[in-house]
Amino acid sequence: MNEPGLIRDLVRGVPVFPDDMPPFDPQAAPGSPVDLFVEWLTRAVEDGVAAPHAVTLATVGDDGMPDARVVILKDLTPAGWQVASSLDSPKGRQLAANPSAALTFFWPAAGRQVRIRGSVSTATAEENDADFQRRHPVARALVLAGSQSSVLRSREELDAAVGEQVERLEAADGLASTTWTVFTVAPDAVEFWQADQERRHVRLLYSRSGEGWRRELLWP
Ligand SMILES: Cc1cc2nc3c(=O)[nH]c(=O)nc-3n(C[C@H](O)[C@H](O)[C@H](O)COP(=O)(O)O)c2cc1C
């Protein structure tokens, strides 16, 4: 462990948190994690945090191995946090087999992390289609072409498949996807983590308790 690896010297001393971070008083936190999330996301947007709606979605594979990737948060409803993807993708298949997920947000400029764990449900066909139709035409073409995350033999293969689907979309306005799906993560637990310059980071965990939420502080 004493011999440095390839990047130890590179990353040593790189600051993680800014000097100026928003205050967080967990005693004053609202009763619902949904309300606190909206407060924190609003603040992240106002502070100009890059892609504040980008979130790491972790799922579990058939082999019990975790898998994770970044997706976009589409909405937050009383039912939970919504992301979208194709059922015909590794994450789509993993969620179909094991509808459990974790979401992790990190907003560096605010020194904030939010972690959500819960069970996952899929939206109605109408909601899936409404989200699909809001997507950029090339994004829709890619979904229609299918095979997300399967091996790509060449760039030409991709261009041909996208071109074909763009033509189909141009010919038939409102063409639907059979695989595009909005997934809602219904929270069992939501943790809000606020960095502190003196390393006494503040962690507030909301856990489901009957119809409401239990709130506890966690050791940093
Ligand atoms: C910032 C960002 C946003 C992304 N948003 C989405 C998204 O909303 N839905 C999606 O399916 N993939 C999205 N991706 C691509 C995924 O990270 C991933 O590469 C892809 O969905 C395949 O994942 P899978 O093989 O685990 O199914 C995004 C990637 C980045 C970097």
Side-chain angles (χ1 to χ4, degrees), residues 16 37-38 40-77 79-110 112-155 157-159 161-162 165-166 168-169 175-187 190:
V16 182
F37 184 86
V38 172
W40 277 32
L41 181 64
T42 304
R43 174 80 195 235
V45 171
E46 286 169 0
D47 285 354
V49 170
H53 55 338
V55 58
T56 300
L57 165 70
T59 50
V60 183
D62 281 351
D63 50 3
M65 286 284 285
D67 203 356
R69 77 294 289 157
V70 175
V71 294
I72 290 295
L73 179 70
K74 293 297 186 99
D75 209 347
L76 172 55
T77 71
W81 279 252
Q82 295 187 325
V83 298
S85 189
S86 182
L87 275 182
D88 177 26
S89 69
K91 77 182 90 47
R93 288 187 287 274
Q94 289 161 358
L95 287 171
N98 182 349
S100 314
L103 295 168
T104 309
F105 293 86
F106 174 44
W107 298 317
R112 286 178 167 177
Q113 171 181 233
V114 181
R115 301 170 59 181
I116 298 147
R117 301 177 79 204
S119 51
V120 177
S121 61
T122 53
T124 63
E126 290 71 30
E127 288 165 322
N128 294 338
D129 190 53
D131 187 74
F132 181 69
Q133 300 303 336
R134 281 193 289 269
R135 288 171 65 79
H136 186 277
V138 173
R140 271 182 281 151
L142 273 166
V143 172
L144 293 173
S147 6
Q148 188 178 45
S149 302
S150 59
V151 172
L152 178 67
R153 281 183 294 267
S154 68
R155 173 72 197 211
E157 185 188 28
L158 173 65
D159 291 346
V162 170
Q165 298 305 327
V166 167
R168 278 184 72 208
L169 282 164
L175 197 64
S177 156
T178 53
T179 63
W180 189 253
T181 304
V182 175
F183 297 97
T184 302
V185 182
V190 186

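In this chain, residues are counted from 1 in sequence order. We count ligands from 1, going down the list as the structure has it; atoms in each ligand are counted the same way.
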K.L.:
Distance under 4.0 Å to a non-hydrogen atom of Ser149: what atoms of ligand 1 satisfy this?
P.N.:
22 (C), 23 (O), 24 (P), 25 (O)

K.L.:
Would you confirm whether the ring centroid of Trp40 sits within less than 6.0 angstrom of the ring centroid of Phe105?
P.N.:
no

K.L.:
Atom 9 (N) of ligand 1: which of Ala84, Ser150, Ala139, Ala50 has the nearest heavy atom?
P.N.:
Ala84

K.L.:
With atom 21 (O) of ligand 1 as the reference point, say which of Lys91, Arg69, Arg93, Lys74 has the nearest heavy atom.
P.N.:
Lys91

K.L.:
Regarding Ser100 and Arg117, do their side chains bring together a donor and an acceptor under 3.5 Å, going by distance alone?
P.N.:
no

K.L.:
Between the main-chain N or O of Ala123 and the side-chain N or O of Glu127, is there a donor-acceptor pair closer than 3.5 Å?
P.N.:
no

K.L.:
Nearest heavy atom to atom 30 (C) of ligand 1 wins, so pick from Ile72, Leu57, Val70.
P.N.:
Val70

K.L.:
Once the angle between the rings of Trp180 and Phe132 is folded into 0 to 90°, is it parallel (under 30°), tilted (30 to 60°) or perpendicular (over 60°)?
P.N.:
tilted

K.L.:
Can you check whether a protein heavy atom sits less than 4.0 angstrom from atom 19 (O) of ligand 1?
P.N.:
no

K.L.:
Can you confirm whether Asp62 is buried at CG, in the sense that more than 12 heavy atoms of other residues, nucleotides or ligands lie under 6.0 Å from that atom?
P.N.:
no

K.L.:
State the atoms of ligand 1, each with its element, that fall below the 4.0 Å cut-off from a heavy-atom position in Ser85.
P.N.:
10 (C), 11 (O)

K.L.:
Among all the protein's non-hydrogen atoms, which is closest to atom 6 (C) of ligand 1, and how far away is it?
P.N.:
Val71 CA, 3.5 Å

K.L.:
Please determine whether side chain to side chain donor-acceptor pair (under 3.5 Å) holds for the pair Asn98 and Gln94, giving the CA-CA distance in whole Å, both sets of side-chain angles, and the decisive distance to 0.1 Å.
P.N.:
CA-CA 6 Å; Asn98 182 349; Gln94 289 161 358; over 6 Å; no

